[in-house]
Amino acid sequence: MNMKSVFFYGLFMDPELLKNDGYNPGPLRIAQLKNYRLKLGSRATLIPQQSSEVWGTIINLPLEELAQLYSAPSVIDYQPTAVTCILQNGLEVEADVYILNPYEPLAPPTNSTYARKLATITKNIGLPLQYRQEIEDLIVKIEE
């Protein structure tokens with residue numbers, strides 16, 4: 001079975017969510033992606049930005065499952081980009097990250113439900129406290 005390493009930064013970084021939807025994710029590895037920042041609209045995407053960082057998970061998925069995952073209407077516009085992530089032990093790992101075209105405008109978030117789910121996942125999988133706080137700050141901005 002051909003597997004692909006993917007850096008997930010949104011709700012898909014939760015392997016339990018993937019399993020519940022019928023996918024077969026490999027083990028979760030917490031990782032950092034430098035020179036990108038998180039942007040929330042109705043869903044999450046990443047925007048290239050020097051000196052920024054995003055935390056998430058690297059999970060291996062079978063290629064056919066990955067194609068199925070990103071064929072869903074809510075994420076069909078996401079495209080893979082090859083990146084180098086840094087694991088917690090400092091090792092670098094090549095992976096794909098799925099993002100929206102960074103040059104197309106993204107509607108501002110108006111519903112904090114997605115951001116709240118994301119905050120819960122980041123806590124449950126143990127992402128760094130500072131990054132979790134950034135997401136909590138986004139929730140406050142959405143709800144203002």
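Residues that satisfy the salt bridge (charged side-chain N to carboxylate O under 4.0 Å, His left out) test with Lys4, not counting sequence neighbours, are Asp96. For Lys19, the salt bridge (charged side-chain N to carboxylate O under 4.0 Å, His left out) criterion is met by Glu16, not counting sequence neighbours. Partners of Asp21 by salt bridge (charged side-chain N to carboxylate O under 4.0 Å, His left out), not counting sequence neighbours: none found. Applying the salt bridge (charged side-chain N to carboxylate O under 4.0 Å, His left out) test to Arg116 and every residue at least two apart in sequence or in another chain returns Glu143. Qualifying side chain to side chain donor-acceptor pair (under 3.5 Å) partners for Thr81, counting only residues two or more places apart in sequence or in other chains: none.
Between Leu69 and Leu61 the shortest side-chain heavy-atom distance falls below 4.5 Å. At a threshold of 4.5 Å between non-hydrogen side-chain atoms, the residues Asn124 and Asp14 do not count as touching. Looking at heavy atoms from C-beta onward, Asn60 lies in side-chain contact with Arg29 at the 4.5 angstrom threshold. Using a 4.5 Å heavy-atom threshold, the side chains of Ile59 and Val6 count as separate. Within the 4.5 Å cutoff, the side chain of Gln130 has heavy atoms near those of the Glu134 side chain. Contact of the Trp55 side chain with the Leu33 side chain is not registered, since no non-hydrogen atoms from C-beta on lie closer than 4.5 Å. In this structure the side chain of Ile125 reaches within 4.5 angstrom of the side chain of Met13, judged on heavy atoms.
Looking at Glu53, its side chain never comes within 3.5 Å of a backbone N or O of Gln32 through a donor-acceptor pair. For Thr45 (side chain) and Leu100 (main-chain N/O), a donor-acceptor pair under 3.5 Å exists by modelled atom type. A donor-acceptor pair under 3.5 Å is formed between the side chain of Arg132 and the backbone N or O of Leu127. A donor-acceptor pair under 3.5 Å is absent between the side-chain atoms of Ser52 and the main chain of Asn35, judged by distance alone.
Under the 4.5 Å side-chain contact rule for hydrophobic residues, Leu40 and Ile139 do not share a cluster. Hydrophobic clustering of Ile, Leu, Val, Met, Phe, Trp and Tyr side chains at less than 4.5 Å, counting indirect connections, keeps Ile86 apart from Phe7. Leu38 is not connected to Ile47 by any chain of hydrophobic side-chain contacts under 4.5 Å among Ile, Leu, Val, Met, Phe, Trp and Tyr, and they are in different clusters. Leu91 is connected to Ile58 through a chain of hydrophobic side-chain contacts under 4.5 Å among Ile, Leu, Val, Met, Phe, Trp and Tyr, so both are in one cluster.
Remark: Leu17 CG to Phe8 CZ distance equals 10.0 Å, nearest 0.5 Å.
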Exercise. Applying side-chain contact (heavy atoms from CB on, under 4.5 Å), run through Val75 and Arg43 and close with a yes or a no.
Key: CA-CA 9 Å; Val75 292; Arg43 295 191 68 96; 3.4 Å; yes

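Between the side chains of Gln79 and Asn101, no donor-acceptor pair is found at a separation under 3.5 Å. Side chains of Glu92 and Thr84: a donor-acceptor N/O pair is absent below 3.5 angstrom, by distance only.
Among residues at least two apart or in separate chains, ring-ring contact (aromatic ring centres under 6.0 Å, His included) pairs with a member in residues 70-90 are Phe12-Tyr70, Tyr70-Tyr98.
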